[in-house]
Amino acid sequence: MSMFGKGLLQGLKVTFKNLTRRSVTAHYPDVQPDLPPRSRGVIALQEENCTSCMLCARECPSWCITIDSHKETIPATTEGGRDRSQNVLDTFDIDYSLCMYCSICIEVCPFDALHWSPEFAYAEGDIVDLTHDMNRLREWMWTVPAPQALDPGAEPSKELAAYEAAAEESE
Amino acid sequence: MPDVVDVVLRCVLVLAVFMVLPLVIGQMEHKAMAHMQSRVGPMAAGGFHGWAQLLADGVKFVQKESITPVAADRRVFELAPAVALAPYLVALLAIPLGPFFGQGNLIGQDLDLGLFFVLAAMSVGVLGTLMGGLGSGNKYSYIGGMRVAAQLMSYELPMVLAAASVAMAAGTLSLVGIAQQWEPWWLITQLPGLIVFFVAGLAELQRPPFDAPLADAELVMGPLTEYGGMRFAMFLLAEYAGILVLSALTTVLFLGGWAGPFSDHIGWLWTLVKVMAVAFLVIWARVAYPRLREDQVNSLAWKVLVPVALAQITLTTVLVVA
Amino acid sequence: MSATEIVFLLFAALAVGSALLAMTTNQLVHSALWLVVTLGAVAGCFVLMTAEFVAWVQVLVYVGSVVVLVIFALMLTRQQSTISAEVTGNRWTAAVLGLVAAVGLGATVISGFHGERIEGHRIGTARSLGDALFNDWVLPFEILSGVLLAALVGAIVISRSGTER
């Protein structure tokens, strides 16, 4: 009997064991999912940092970023000084129906104006509403988590090391 | 109480059992199969762990349009679900539930030939799926219908033989009589018969692993492909009512029906518990085993089940005569 | 006319009517299904004549197996259900011959059993049938088993002669 029908009994055993264990289903709408750190949910814009250098719009493979800005002059603060010109953003749209969440815009931005946020529940009924404008992108900034802590035993980043070295020198 | 009232009350009770218990079995299948597959099954309908899922399904089916394909044989197509469903209701009339607080047996009608009546009713139910397969005007349903015909015909013989073995051991064809004559050692001497009856019954109901006629990867849904709405719900109810009839028959024939402590008062409860246990086995077999190929189905019936059933009859004859 | 006789006449009418429909319909599947109704009505007649065991065996064997076999054979010959059955030119000859056979058989049976009354009410049970079969009619029973065995062996021989083994 153990040679014949062994597979049959094994099948029954496996299914019964599964029956008695807790199921692995995540009860999503009632329980929020446990997202890993640095999860890519939505891109947030820190408007103050943006100089409309257009790097993100140029590098985006999907051409989903639309930027429009104009120059304003800031009068000179000192006597005989030069007037400064500053870029002011008029439009910064990200079209999430095109975005492929590749992170290139965030990696390429020299001024840290773009950040990842783990928020994912922004589905819309109309595809037009999937284009987030500047204000909405600023709102996402409040959901951007703090940078993840370094692994124990890791070396501190070069920027931090250079900053600390400069601080020591100036003392 | 007067005869007419008695008859009407019994009919109403049998109808109530027929409408409620298959739904309980269906919900058990949803939940047990889900947990065996490490998931949870329906959770939303009715609030508490989705207990009302099948009721919601019933409402959904009722409000659907029943379409008859143009190429279908209209009358055959439309009658098939009724022919598949009605025999199980009729079969439930003769299956006993057990003593009810000392008031005698709960049963629709205690027939002297109860066993034959139930087996005959189940064999008529075969025609329903067959009519569905033939009358759909669809190649896949046709092939499914051929598989149904071959499978159900092959498995009727071992089922009848295994049941005949128990009837011989009990000396009567009445289901109440068989349950009353049951002895605990029959669990051993009738064990091959129990296995043959259960496996043949699963194949009669076209339950996995014997659902080659309804193989959805190969035949869409076999004979049930063109059915939608209430007619499809009738076929599904027929499947679960069939599981109920099979479990009840297995319990009454091979597991002693209402045998157990205090069977005079709560015998009916013992029967229900055993019926649900056998139904759980049916569901367990569905989850654990892959589908048998059509030639494996036929060779299992003729090369394994029929010889074992005949051997069981021989053994029973020896035990009865000795 | 007692209620039993009225119901018997109804069942008999149903049997004859569905048999006629089975013969005259030009779709083979419908013919097989009318046969189911006929055999079921005959089983009903058996019940009314207190032969319960024979009635349920009739349903189990004829309706459950024989008709399924007939339909299976229909399906294997790949008949579309909408194609009508072939109509031979001998229809009327066959009808006349069938009528003659029916009248002849009917006359024989009626003249033989006319006036008989069914006694008692426990004669159609399995026990009484078993007693009769194994005490009074054992020899025909055994001969019938021999006939069935011959048919089975013949079927196996015929089906295997196609494949050389």
Side-chain angles (χ1 to χ4, degrees), chain B residues 70-77 79-80 83 87 90 94 111-131 133-137 139 141-157 159-160 163-164 167-168 171-174 177 204, chain C residues 21 25-37 39-41 43-44 46-47 50-84 121-130 152 155-156 159:
Chain B
V70 167
D73 193 338
R74 178 160 282 262
R75 259 188 314 177
V76 172
F77 185 82
L79 277 177
V83 174
V90 166
L111 294 174
D112 253 358
L113 296 164
L115 181 59
F116 246 78
F117 177 74
V118 174
L119 288 174
M122 280 181 78
S123 70
V124 174
V126 166
L127 282 173
T129 331
L130 206 54
M131 283 163 71
L134 275 184
S136 290
K139 277 196 269 301
S141 307
Y142 203 74
I143 300 178
M146 282 174 70
R147 289 186 181 184
V148 164
Q151 180 171 316
L152 267 51
M153 229 169 30
S154 316
Y155 280 91
E156 257 172 56
L157 187 59
M159 213 164 96
V160 172
M168 251 202 299
T172 170
L173 279 173
S174 147
E204 281 284 314
Chain C
L21 279 169
T25 181
N26 49 15
Q27 296 191 30
L28 283 176
V29 175
H30 286 196
S31 180
L33 294 173
W34 282 123
L35 188 64
V36 169
V37 179
L39 295 170
F46 283 152
V47 168
T50 74
E52 310 156 337
F53 188 70
V54 180
W56 299 124
V57 171
Q58 162 100 350
V59 173
L60 179 64
V61 171
Y62 261 116
V63 174
S65 307
V66 170
V67 173
V68 173
L69 255 178
V70 165
I71 295 184
F72 194 46
L74 274 180
M75 291 167 108
L76 279 177
T77 56
R78 263 173 266 152
Q79 285 276 3
Q80 294 289 333
S81 60
T82 49
I83 295 181
S84 48
H121 46 151
R122 279 342 246 167
I123 61 173
T125 59
R127 173 172 294 276
S128 57
L129 210 63
L152 204 59
I156 294 176
S159 64

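In what follows, chains carry the letters A, B, and so on, assigned in the order in which the sequence lines appear, proteins first and then strands, with residues in each chain numbered from 1.
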| query | Is there a side-chain contact between B:Leu130 and C:Val68 (heavy atoms, below 4.5 Å)? | reply | yes

Beyond-backbone contact of C:Phe53 with B:Leu173, side-chain heavy atoms, under 4.5 angstrom:
yes

When the 4.5 angstrom heavy-atom criterion is applied to C:Val36 and chain B, the contacting part is side chain

Show your working on side-chain contact (heavy atoms from CB on, under 4.5 Å) between C:Ile71 and B:Met131 and close with a plain yes or no. CA-CA 9 Å; C:Ile71 295 184; B:Met131 283 163 71; 5.9 Å; no

So CG of C:Leu33 and CG of B:Asp73: to nearest 0.5 Å the spacing works out to 8.5 Å

Given B:Val160, B:Leu127, B:Leu152, the one with more heavy-atom pairs under 4.5 angstrom with chain C than any other is B:Leu127

The interface call for B:Val148 against chain C, heavy-atom contacts under 4.5 Å, is neither

Taking every heavy atom of B:Ser123 against every heavy atom of C:Val59, the minimum-distance pair comes out as OG-O, 4.1 Å

Could you label the plane-to-plane angle of the B:Phe117 and C:Trp56 rings as parallel, tilted or perpendicular, counting under 30° as parallel and over 60° as perpendicular? perpendicular

With a sphere of 6.0 Å drawn around CZ of B:Phe77, does it hold more than 12 non-hydrogen atoms of other residues, nucleotides or ligands? yes

C:Arg127 meets the salt bridge (Lys or Arg N to Asp or Glu O under 4.0 Å) criterion, sequence neighbours left out, with none

Here the pair of heavy atoms bringing C:Leu69 nearest to B:Met153 is CG-SD, 3.4 Å

Honestly, the part of B:Met146 sitting under 4.5 Å from a heavy atom of chain C is both

